[in-house]
Amino acid sequence: MVAELGLLALIFALIFSLLLALLPIVGWYGRYSNLLAMAKPMAQGQFVFLLISFLLLVWVFLTDDFSVAYVAQQSNTRLPYYYKISGIWGGHEGSMLLWLLILAGWTLAVAQFSKALPKDLVAVVLAVMGMVTAAFTLFTVFTSSPFERIFPDIPADGRDLNPLLQDIGLILHPPMLYMGYVGFAVAFAFAIAALITGRMDNLWARWARPWTDMAWVFLTLGIGLGSWWAYYELGWGGWWFWDPVENASLIPWLVGTALMHSLAVTEKRSGFKVWTLLLAIFTFAFVLLGTFLVRSGILTSVHAFANDPTRGQLILAILLTTLVASLGLFAWRAPQFREQLSFHPGSRESFLLINNVILVTLGVIVALLTLLPLLWPVLGMGQVSIGAPVFNMVFNPLMALLIFFMGFGQLLQWKKDSLKTVLWPMLIWLPISILLAFALTYLYGRTLNLLVVLSLVLALWILFSSLLSMQKRGVFAADGWQALRRQPPSYYGMLLGHLGVVLVVIGATFVTQYEVKRDVRMGPGTEHELAGYRFVLQDFEVVEASNWVADQANMQVFRGQRFVTELQPQKRDYFIAGQVMTEAGIQSRLHRDLYVSMGEPLTDGDWSFRLQVKPMVPFMWLGTLILCLAGILAVLDRRYRRGDDYE
Amino acid sequence: MNRALFAIPLLLAIAMGSFFFYVMRSGIDIEALKSPLLGKPLPSNQLATIEFSGTRDPSSLHEQGPFLLNVWGTWCPACFDEHPVLNRLAQEGVRIIGLNYQDDLAAAQRWLIELHNPYEVNLIDADGQYGFDLGVYGAPETFFVNADGLLVHRQVGEFTMEMWRNELQSIWESML
Amino acid sequence: MKQFMILVWLSCVAMAWAVEQTGSQSPLASQTSIFEFHFEFANDEERLRYQQLTRQLRCPKCQNNNVSDSDAPIARDIRQRVYQLLNQGFSDEQIVEHMIARYGDFVTYRPPFGWRTAIIWLLPMALVLLAAWSAWRVIKSRAKQQVKPLNQAEKAKLSAWLEAN
């Protein structure tokens with residue numbers, strides 16, 4: 001009964017979203033203000049019913065109603081309640097419902113927090129979001145309802161949640177990622193509304209900007225969480241594989257980052273308008289493309305719910321309809337926004353342009369390399385794999401170039417600045433930073449690894465550029481404290497954001513270049529030395545939980561004679577799901593992670609182990625958090641200038 | 001700036017969408033691996049036989065006519081399912097050579113007695129080295145070798161009588 | 001979306017496990033572990049080469065995983081062959097070629113350069129060039145634009161507009 005109510009609520013939400021998609025648009029063309037005013041209540045109704053539907057699904061999960069197919073597939077009576085809830089977004093149907101709920105949540109937020117915006121613009125923005133919601137609600141109701149029953153053979157118990165997903169990572173990562181993914185629908189809706197209404201000024205950009213920044217923060221956090229989760233949960237210590245499914249989230253991030261920066265130009269200088277519109281459309285298009293790739297199984301990344309071609313074709317149809325409609329609208333209406341903003345080659349605009357060009361190129365290249373392997377089987381030419389070596393070869397140099405230009409860009413002023421004011425200090429700094437980087441690399445690793453040197457040069461480059469920028473703003477002058485306080489949060493957001501990027505780069509470079517791993521055979525009392533650490537296996541014990549039993553190794557780690565830590569890697573047997581999982585034993589310090597995973601039992605009570613020492617891994621997580629903080633600072637800035645119009 | 005430029009994104013999107021629809025609707029198996037040995041002779045090696053009839057070299061077996069080289073093992077359930085189809089084909093006069101892959105000799109001999117033996121001869125590849133050189137990545141696999149000793153087709157995974165009639169038989173007949 | 005990627009992994013692990021259980025690969029060969037602790041290397045450089053090669057090679061059975069991290073039996077066979085060839089003094093390129101000759105281009109994450117695969121490198125390169133050229137052109141054209149000082153009427157219009165807003 002509850003499940004049917006859930007489906008009913010979903011259908012009500014569908015009706016609200018259809019009305020939301022329709023009424024304000026009719027209102028706009030017919031100039032009926034009462035129809036325009038309908039947008040807000042419709043957005044509210046849509047959200048309320050999706051929330052009800054979602055809560056009913058939670059209820060069905062918590063009460064272990066295995067007559068519902070999705071519950072039987074994702075849950076089990078022995079599962080702790082928090083995994084029962086997070087199990088909802090562990091599969092296709094439930095994660096679609098979460099996707100919709102979050103989309104409705106963003107719609108509601110736009111409806112509530114846009115009082116200062118022109119009513120008709122908000123109404124059209126909401127209508128566009130209603131269209132997206134309507135399309136995906138239709139898709140969910142007809143092909144992916146999580147409320148489907150299995151009759152008459154109701155299983156006595158569920159099949160248990162995939163053990164890999166029984167983790168704090170799964171509780172947090174998908175909702176964050178969807179918040180980011182779906183949040184870009186707001187920027188998209190703003191762009192479409194601008195095209196429909198023909199109004200796109202600084203005010204428009206000022207309103208679109210915080211929404212974009214927020215979506216970006218969530219997406220960054222989502223990707224970071226996913227990477228972190230893969231790192232500790234998969235048991236091998238990998239954190240990025242250039243898998244199509246990962247790329248599906250990286251591409252919108254790259255293009256979204258470009259959008260964030262181009263919106264700055266649109267806001268402050270009324271420039272790059274057409275380009276901003278295009279980026280807003282493309283960011284969301286890449287979100288939909290990612291959704292399509294992940295849920296259709298068209299690419300050779302086998303994942304569990306990839307096997308329904310009709311679903312894939314329907315999402316493709318939604319994607320194409322959205323794209324054709326929005327890009328058609330763009331082709332028709334965007335030429336009116338052409339402007340010829342003039343700026344000096346050494347101005348901030350021109351470096352933001354370079355930033356945009358590089359980021360978009362990166363996004364498009366990642367997309368192409370991800371999709372390209374489809375070409376060979378289609379042409380009957382066998383199979384080709386495009387993996388990490390190719391991606392790194394293309395991605396890393398462009399990223400380095402981006403950071404190099406970033407060092408200049410953050411120093412320059414709008415409209416007209418001369419590179420000369422910053423060129424000399426920076427150019428003098430360059431050889432110094434190169435020498436310093438070589439010295440640091442040698443001191444650290446006793447080798448001259450050029451990639452490490454490059455990452456350090458980039459870090460020092462940005463560090464110096466940030467200091468120079470603060471100096472230009474008078475931070476190091478006599479009344480430095482005052483100058484420090486005078487700077488708007490967005491200024492700190494910019495500096496922090498760029499610092500975060502550099503930290504991620506440092507972490508990623510060091511861990512790939514300097515990690516050491518060793519596969520060994522160990523029994524109680526055995527010890528192995530790796531990178532200066534002595535791993536001593538004490539003993540094994542058996543550990544139990546409600547739905548798994550594990551062999552656990554107790555391993556002490558010493559550095560010389562000094563005790564460092566005790567690691568407890570496990571081999572878990574999830575007996576209901578019938579799967580064996582490797583739980584790594586990890587000790588994390590800022591400068592390195594110790595990472596031990598158990599392999600298989602051998603003769604004489606020994607086990608095989610993989611011992612790893614991975615330098616600087618936490619830099620990546622720290623960098624990601626700093627990126628998020630930077631985004632939040634940028635949003636805060638918008639808030640308290642809400643009243644006045646132009647700087 | 002030319003107005004027509006504004007339509008470029010639209011055209012790109014349509015092209016890309018059509019490509020995806022084509023891929024999804026054409027039913028092309030994008031996961032099937034093509035054997036790099038196609039059009040080439042099998043690797044040469046002297047392999048012992050289950051029947052204790054001395055050693056044979058798979059790369060010279062074509063001298064007695066085209067054949068199917070079927071890679072199997074008693075540990076492979078799909079091979080069990082496929083076996084009746086092989087029996088049937090052998091009856092119809094298709095020449096089948098077995099490659100007993102990473103298997104236990106006694107178990108293989110018992111299998112052939114209990115389930116009938118459709119194979120002209122069975123080569124032993126206990127350590128899987130020859131299978132590796134063939135590029136075998138999961139049994140059963142069936143290699144179609146023509147009278148010139150060249151690989152014409154590789155079938156990965158179990159095939160049924162229906163699949164034989166629909167696609168494989170014509171390949172076989174084209175080799176005769 | 002990472003959970004879907006996790007599912008990718010899981011399906012590989014599960015597949016390998018199921019394979020182990022149902023035996024699509026010989027149980028005789030399954031005695032060894034995914035962790036090649038029994039491989040002895042002459043020096044650290046050789047170990048590093050082994051680790052890099054097994055990361056570059058793709059497991060043909062589980063669809064998106066390298067042979068270093070995969071516990072599918074075929075991945076183990078490939079690891080053993082890599083180790084053998086390394087010991088026989090083959091170079092990295094020769095080892096990759098050896099695998100390609102058996103499993104096709106699919107087996108390496110870095111496709112060999114040739115006419116069949118040229119597009120993988122040419123396309124990004126072309127894109128980068130196109131991007132650099134268009135950025136250059138836009139910056140140049142925007143810099144050229146004259147910024148005329150406002151005349152009296154325009155100034156009046158501007159201040160009126162500023163007040164209105």
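All heavy atoms count here, side chains included; hydrogens, waters and symmetry mates do not. Each chain gets a letter, A, B and so on, in the order its sequence line appears, and its residues count up from 1.
The interface of residues 82-93 of chain C with chain A, defined by heavy-atom distances below 4.5 Å, is empty.
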Starting from the C-alpha separation in whole Å, work towards a yes-or-no answer on side-chain hydrogen bond (donor to acceptor under 3.5 Å, both in side chains) for Ser68(C) and Lys517(A). CA-CA 12 Å; Ser68(C) 170; Lys517(A) 78 175 179 191; 3.2 Å; yes
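A distance of 8.0 Å separates CG in Asn66(C) from CZ in Phe241(A), rounded to the nearest 0.5 Å. Atom CH2 of residue Trp376(A) and atom OG1 of residue Thr117(C) lie 7.0 Å apart, to the nearest 0.5 angstrom. Put simply, CD on Gln51(C) and CZ on Arg518(A) are 7.5 Å apart, with the number rounded to the nearest 0.5 Å.
For Met393(A), the part lying under 4.5 angstrom from a heavy atom of chain C is the side chain only. Looking at Asp44(C), only its side chain comes within 4.5 Å of chain A, counting heavy atoms on both sides. Using a 4.5 Å cut-off between heavy atoms, Leu127(C) contacts chain A through both its backbone and its side chain. For Leu379(A), no part lies near chain C; criterion is any non-hydrogen pair under 4.5 Å.
Pro389(A) and Tyr109(C) make their closest contact through CD-CB, 3.7 Å (heavy atoms, listed as atom of the first residue, atom of the second, distance). Annotation for Val390(A) and Pro111(C): closest pair CG2-CD, 3.5 Å, computed over non-hydrogen atoms.
Ser385(A) places a side-chain N or O within donor-acceptor distance of the main-chain N or O of Phe106(C), the cut-off being under 3.5 Å. Remark: the backbone N or O of Gly104(C) is not paired with any side-chain donor or acceptor of Gln383(A) at under 3.5 angstrom.
Partners of Asp167(A) by salt bridge (charged side-chain N to carboxylate O under 4.0 Å, His left out), not counting sequence neighbours: none found.
For the 3.5 Å distance criterion, the side chains of Ser342(A) and Arg142(C) fail to qualify, holding no donor opposite an acceptor.
Salt bridge Arg610(A)/Asp69(C): present, at least one basic N to carboxylate O contact under 4.0 Å.
Of the listed residues Arg116(C), Met125(C), Arg55(C), the one with more heavy-atom pairs under 4.5 angstrom with chain A than any other is Arg116(C).
The side-chain hydrogen bond (donor to acceptor under 3.5 Å, both in side chains) analysis of residues 119-135 of chain C, with sequence neighbours excluded, yields no pairs.
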Identify each donor-acceptor pair in which a side-chain atom of residues 357-373 of chain A lies under 3.5 Å from a protein atom, sequence neighbours left out, and give them as a table.
| unit_1 | atom_1 | unit_2 | atom_2 | d |
| --- | --- | --- | --- | --- |
| Thr361(A) | OG1 | Val357(A) | O | 2.4 |
| Thr370(A) | OG1 | Asn247(A) | ND2 | 3.0 |
| Thr370(A) | OG1 | Val366(A) | O | 2.5 |

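Taking the side chain as every heavy atom from C-beta outward, Ile139(C) and Ile354(A) approach each other to under 4.5 Å.
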